[in-house]
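I have placed the structure first, in the form of structure tokens, so that the comments after it can refer back to it.
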Amino acid sequence: MIHLAHHTPGFAAPVVRFAPSPTGRIHIGNARTALLNYFFARKHGGQFILRFDDTDAERSTEEYALGIEVDLEWLGVSPDRKFRQSERFALYDAAAKNLKAAGRLYPCYETPDELERKRRLQIARGAPPVYDRAALSLSAEERAALETSGRKPHWRFRLEPEVVRWDDLIRGDSHIDCASLSDPVLVREDGSYLYTLPSVVDDLDSGVTHIIRGEDHVTNTAVQVQLFRALGAAAAPHFGHHNLLIGADGQGLSKRTGALSIAGLREAGVETLAVAAMATLTGSSIAVHPVHSLPELAGLFDLAAISRNSARFDDEELQALSQRVLHGLAYDSVRDRLEAQDIVGFKAEPFWLAVRGNLTRFADVADWWSVVEGEVGTEPLTDDFRAGATAALPPEPWDETSWGAWTQAVRQTTGLKGKALFHPLRLALTGRESGPELAKLLPLIGRAKVLARLGS
Ligand code: GLU
């Protein structure tokens with residue numbers, strides 16, 4: 001959990017929410033939304049709610065919901081509160097009833113085919129393909145006749161023909177003319193709810209003050225502002241729409257394909273802080289760069305820095321960033337992870353400082369730990385070389401100067417220098433062609449192992 005000291009004075013504690021539908025695992029684009037909300041809440045001393053939009057019983061699963069919680073935890077996002085929409089149908093039913101009574105939710109009977117035909121005709125005539133509200137002029141008898149013939153209504157929200165304006169937290173002055181929108185369907189024929197009504201009911205009920213989400217929801221905002229009002233809200237929340245992350249191929253990300261899922265990135269060994277930095281800084285005026293902690297990244301947070309252009313990012317850049325993050329991590333911030341690999345004891349910290357700069361993925365520490373503490377298949381030196389190296393090996397205790405003193409002496413006795421000197425020694429001591437500075441590794445390997453590996 002992140003605590004940032006500075007609360008903005010005169011700003012009531014905000015309530016924000018991240019509202020994924022558990023129909024897949026979240027990807028780095030969803031992480032952008034989650035982190036921006038989380039940072040916003042922390043910066044202003046507010047609350048962050050995790051809400052599962054799981055009214056679609058067919059596509060939502062418990063596994064995905066639990067998986068998303070794991071993903072958020074890995075990212076360092078800890079919700080102050082969480083709930084599921086599937087437990088709150090009574091609230092949505094009550095809201096729908098009120099809207100019906102107020103004449104804002106009206107029954108429609110057109111089949112998808114009929115709607116499609118209308119749409120084509122409108123387009124052919126050069127008219128905007130907006131629902132013509134034919135259902136509003138049905139008489140009670142006509143409705144009864146349709147129902148007797150077996151048709152079930154779906155329910156549309158009657159929009160006021162007005163221009164809805166809001167001062168978007170990211171995009172600034174925004175407006176949408178609702179006269180150009182179709183009255184949105186809120187309730188399907190089978191009585192199930194589309195996303196809009198439950199979302200607004202919950203935002204209202206849970207006191208959400210700021211809705212920060214992707215710009216694919218801009219049009220929804222006009223509808224939702226009207227719905228907040230129709231449901232009796234004194235004022236709609238503030239809205240902020242951030243640009244969407246798109247892949248290097250210019251394609252948007254999808255929960256369905258699993259591409260760039262947080263779970264997948266974690267399994268591939270990408271560092272959390274690289275994912276978080278990439279997710280929040282890409283497409284902003286702050287350059288993507290390695291950070292050392294989530295609070296450091298949260299401290300950079302500024303909705304005003306987010307650009308209006310789409311945020312293109314590259315998987316290769318993410319991999320490179322992950323390595324740069326890894327190379328800069330302090331021992332304290334990885335101590336638990338090292339312990340989990342049984343890398344403990346007095347050598348653990350100098351070991352980490354010696355090898356971190358050579359890691360591609362954190363998991364590679366296990367291999368270097370075995371070089372220091374375990375057995376390695378090494379390559380023997382030639383006899384003369386071995387004899388010279390063994391004779392010159394200084395007594396312990398060793399420090400980072402021991403390697404230099406030793407190799408200097410070996411050079412003098414064997415006449416070898418440069419690669420001819422260092423490469424066989426590295427192979428003999430580590431069994432690897434390249435790796436961390438031997439000046440740092442040597443004291444960790446220790447004299448007994450060095451002698452054994454030299455074949456002495
Ligand atoms: N469940 C919606 C989504 O995943 C939430 C959108 C919103 O934040 O209002 O897109």
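Each ligand, and each atom within it, is numbered from 1 in the order the structure gives. Hydrogens, waters and symmetry mates play no part in the numbers below; they use all other heavy atoms, side chains included.
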Going by the atom numbers of ligand 1, which of them fall below 4.0 Å from some non-hydrogen atom of R213? 7 (C), 8 (O), 9 (O)
Identify whether the distance between the nearest side-chain nitrogen and carboxylate oxygen of R59 and D54 falls below 4.0 Å. no
Is the closest basic N to carboxylate O distance between K440 and E349 below 4.0 Å? no
To which of D53, N37, N30 does the heavy atom nearest atom 1 (N) of ligand 1 belong?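 When every heavy atom of D53, N37, N30 is considered, D53 comes closest to atom 1 (N) of ligand 1.
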Answer yes or no: is there a donor N or O on one side and an acceptor on the other, between the side chain of S206 and the main chain of V208, under 3.5 Å?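 The answer is no, because no donor-acceptor pair under 3.5 Å joins these two groups.
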Does any N or O of ligand 1 fall below 3.5 Å from an N or O anywhere on A19, backbone included? yes
Taking it one step at a time, do F313 and L260 satisfy side-chain contact (heavy atoms from CB on, under 4.5 Å)? CA-CA 11 Å; F313 86 102; L260 291 164; 3.5 Å; yes
Is it true that R17 lies under 4.0 Å from ligand 1, counting heavy atoms only? yes
Could you walk me through whether I176 and V218 pass the side-chain contact (heavy atoms from CB on, under 4.5 Å) check? CA-CA 9 Å; I176 285 184; V218 168; 3.9 Å; yes
Shortest protein contact, atom 10 (O) of ligand 1 (heavy atom only):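 Its nearest protein heavy-atom neighbour is H217 NE2, 2.9 Å.
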Among all protein non-hydrogen atoms, which one is nearest to atom 9 (O) of ligand 1, and what is the separation to 0.1 Å? Y195 OH, 2.6 Å
